[in-house]
Amino acid sequence: MAQSFPEDVLEHVFSFLNHDRDRNAVSLVCKSWYDIERLSRRRIFIGNCYAVSPEIVIRRFPDVRAVELKGKPHFADFNLVPEGWGGYVYPWVVSMAGAYPWLEEIKLKRMVVTDENLELISKSFKNFTVLVLLSCEGFTTDGLAYIAANCRNLRELDLGESEVEDLSGHWLSHFPDNCTSLVSLNISCLGSEVSFSALERLVARCPNLKTLRLNRAVPLEKLPNLLCRAPQLVELGTGAYSAEIQSDIFSNLSEAFLGCKQLKGLSGFWDVVPAYLPAMYSVCSQITSLNLSYATAQNPDLVQFVSQCGNLQRLWVLDYIEDVGLEALAAACKDLQELRVFPSDPYDAEGNVTLTEQGLVAVSEGCPKLQSVLYFCRQMSNAALVAIARNRPNMIRFRLCIIEPRAPDYLTLEPLDAGFGAIVENCKELLRLSMSGLLTDRVFEYIGTHAKKLEMLSIAFAGDSDLGLHHVLSGCESLRKLEIRDCPFGDKALLANATKLETMRSLWMSSCSVSFGACKLLGQKMPRLNVEVINERGPPDSGPEDCPVEKLYVYRTIAGPRVDMPGFVWTMDERVSSRFSRATEGHGD
Amino acid sequence: MRSTMIDFEKTELRLGLPGAGGGGNEGETSRNSSGKRGFSETVDLKLNLNSNSSDGNQVEDMKQKNIIPASADSAKPPTKAQVVGWPPVRSFRKNILAVQKDTTTTDVNKSGGSHMAFVKVSVDGAPYLRKVDLKIYKSYQQLYDALSKMFSSFTIGNCGSQGLKDFMNESKLIDLLNGSDCVPTYEDKDGDWMLVGDVPWEMFVDSCKRIRIMKGSEAIGLAPRTVQRCKNRC
């Protein structure tokens with residue numbers, strides 16, 4: 001077939017395609033389109049760093065400028081993945097240092113990054129501009145010093161909620177005096193004090209600074225100094241929001257906020273002293289994103305402040321907001337799209353705040369654009385869930401955590417199957433769902449039947465039998481990530497739906513009933529899956545074949561089994577699992 | 001497709017009504033219908049680490065294995081045990097809330113109100129470290145029990161439960177140290193390495209940053225001073 005357009009015309013057309021899905025589709029048309037596309041792809045996103053190897057990526061895409069990688073499974077956030085599991089960025093940085101000298105952006109989530117990695121990054125990429133490390137670990141402030149010192153055109157440094165070994169705040173002073181390029185700086189996870197004068201000078205000489213998230217050590221009294229030097233800020237994360245109550249501090253603060261005409265997002269607020277909240281009243285009506293989830297302020301101060309923010313689109317808050325605060329929110333913030341309510345006291349079974357299902361129902365009634373919810377509470381009812389589902393068919397993300405595992409509908413004492421069933425039936429665009437409370441196999445039947453757009457599902461302490469898992473795996477056509485803990489799901493559903501797993505990014509199952517024998521079988525039969533057993537108490541073959549494994553992580557990959565596994569992770573691939581076989585076959589490898 | 005090679009007989013599902021004969025936990029739902037008893041079945045437990053256990057309810061065992069006992073004293077009604085990773089609050093957030101509670105609470109002791117104290121535990125010879133929350137335990141005994149179970153798969157001589165318990169017994173202490181078994185040590189807030197057990201439990205929890213169970217020659221090397229310290233202990 002004759003080529004219709006010259007290559008550079010096609011390349012120009014492709015340059016308008018930014019989404020991976022579009023580019024992937026284009027690359028399937030024919031060989032020449034595949035080649036043009038791969039040579040012109042500049043951004044890659046790898047949702048599981050073990051699904052592919054750096055070599056394979058580099059071979060296909062030789063001129064990449066931005067890389068995004070994710071490492072550990074999501075449940076690592078909750079201490080379910082033992083330390084040392086993996087997710088090292090090292091092999092990627094080393095390969096890219098050679099292959100992508102023009103690399104500009106690296107974004108990592110849940111990966112292990114060392115100071116050596118950071119040093120290599122800072123010295124390998126001359127045009128390096130963006131470093132985002134979300135929930136990463138393994139590095140110290142010394143590593144940050146390399147980035148500050150060597151990345152001449154650094155625009156973005158975002159440390160997310162990473163675990164950084166904080167040796168000193170001195171690293172910030174490594175930004176050279178001629179560094180004026182910063183647009184976004186997030187150091188909120190750091191504990192130690194940075195030199196305030198260095199910070200002040202840095203902020204003053206970066207006219208394009210739009211996002212500044214300070215750490216707790218930056219005192220409130222000094223905040224006006226920074227705000228005056230950066231009135232163009234769009235997002236601000238305060239440091240500790242507390243000081244002795246002094247009128248001059250208050251007036252300085254108010255005046256400084258008055259000057260921030262572009263401010264749209266606020267966060268920080270550690271150790272908040274409520275008396276200082278009104279200092280921000282002048283910006284409240286501009287604010288669209290508010291993160292008060294570390295603010296221990298209570299009502300009425302809390303609700304009073306939130307009610308001032310009539311244009312709020314996103315609110316993260318502690319359960320100190322209580323039902324009464326959420327009712328006020330529902331009345332005042334008609335543009336609200338995302339609500340997250342975190343528990344102030346997650347380990348207290350009783351709780352000491354009046355936050356119930358009523359608050360969430362009120363917000364679902366009053367906020368027509370509400371589409372994303374994360375809600376921790378201590379009681380729930382089917383009636384409430386049905387109401388929420390009917391109010392908000394536009395819901396896209398719904399994550400509900402009832403603190404007590406297997407808690408039933410507190411009014412009827414029945415399982416919450418009907419309530420979650422209503423959610424999946426009414427919210428046809430639902431992409432993400434996390435469930436809790438007392439749930440039987442029936443809820444999974446509802447999910448398999450209705451949740452056709454669902455991409456991520458999190459299940460804990462739910463279900464009765466393999467039928468539950470089978471409903472999900474056989475019914476949820478769009479499922480990409482499934483994470484399960486403490487459910488009575490075993491071998492049957494897993495093996496019967498083995499091919500489904502190749503259409504997903506990953507499956508996590510811990511404290512379930514999947515036997516070692518089934519894991520071996522899955523690994524043998526599905527060569528394009530990595531089937532990894534995590535057993536901290538010893539090799540999985542030290543017991544009988546029907547003994548359940550502690551944790552199972554299955555993911556599709558074209559890179560073959562991992563080579564960096566720690567001692568407590570066993571891979572069930574064809575060659576390896578034969579080593580576990582009881583009959584001696586004499587297979588080495 | 002390789003999937004057709006899966007033995008379908010093995011994977012045949014019984015399509016009965018949900019919850020009826022589905023295997024596993026039919027009893028769960030009725031037991032839990034009274035509401036706030038969800039944790040109780042998981043609290044009064046014996047950590048069954050023998051993976052050869054083939055008694056009826058393996059799922060029950062699996063649930064229990066995630067749980068660290070709050071109290072080894074079965075005479076009192078058990079306090080609610082913490083399930084690992086539940087509720088699903090990220091460590092970052094947990095730590096910040098804990099520290100904030102300290103500073104906003106009126107309690108005198110700075111870390112008295114804190115809900116958790118995760119410290120790393122290393123055992124010489126074990127391939128990886130663990131993390132434990134010291135706030136879950138109420139005594140050195142409970143800590144030793146939990147640690148020996150955690151590291152039981154690494155046979156480090158008498159670092160089993162009995163070995164560490166012997167450590168509590170002063171008359172056996174000298175034998176233990178001379179016999180090159182285990183010495184539990186910890187790094188305190190000042191960065192010094194101390195012998196576990198000298199100070200009252202609460203003080204230990206407040207000051208302990210990490211734990212290292214030494215063994216072999218290093219432990220012997222520690223012996224002369226620690227023996228003296230043990231003799232001075234009252």
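Note on naming: letters A, B, ... go to the chains in the order of the sequence lines (proteins, then strands), and numbering restarts at 1 for each one.
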Residue part contacting chain B, namely of F342(A), when any heavy atom lies under 4.5 Å: side chain
Using heavy-atom distances under 4.5 Å, tell me whether S458(A) contacts chain B through its side chain, its backbone, both, or neither. neither
Keeping N497(A) on the side-chain end and A493(A) on the backbone end, is there a donor-acceptor pair under 3.5 Å? yes
Flag the pair S511(A) / R485(A) as yes when at least one side-chain heavy-atom distance between them is below 4.5 Å, and no otherwise. no
Relative to chain B, which segment of L494(A) carries a heavy atom at a distance below 4.5 Å: side chain, backbone, both, or neither? neither
Give, as side chain, backbone, both or neither, the part of F444(A) having an atom under 4.5 angstrom from any heavy atom of chain B. neither
Distance-only polar pair, side chains of D188(B) and S207(B), donor-acceptor under 3.5 Å: no
Looking at G84(A), S135(A), P566(A), which makes the most heavy-atom pairs under 4.5 Å with chain B? S135(A)
Is it the backbone or the side chain of E163(A) that comes under 4.5 Å from a heavy atom of chain B, or both, or neither? side chain
Heavy-atom proximity to chain B below 4.5 Å, by part of S436(A): side chain
Chain B heavy atoms under 4.5 Å from P346(A): which part of the residue, side chain, backbone, both or neither? both
Under a 4.5 Å heavy-atom cut-off, does chain A meet the side chain of R93(B), its backbone, both or neither? both
Determine whether L438(A) and E414(A) make a side-chain contact, defined as any pair of heavy atoms from C-beta on separated by less than 4.5 Å. no
Most heavy-atom pairs under 4.5 angstrom with chain B, which of S293(A), A76(A), G490(A), P82(A)? S293(A)
Cationic N near anionic O, under 4.0 Å, R442(A) to D464(A): no
Should the ring pair F204(B) and Y140(B) be called parallel, tilted or perpendicular, given that the plane angle runs from 0 to 90° and is split at 30 and 60? tilted
F376(A) side chain reached by D319(A) side chain, heavy atoms, under 4.5 Å: no
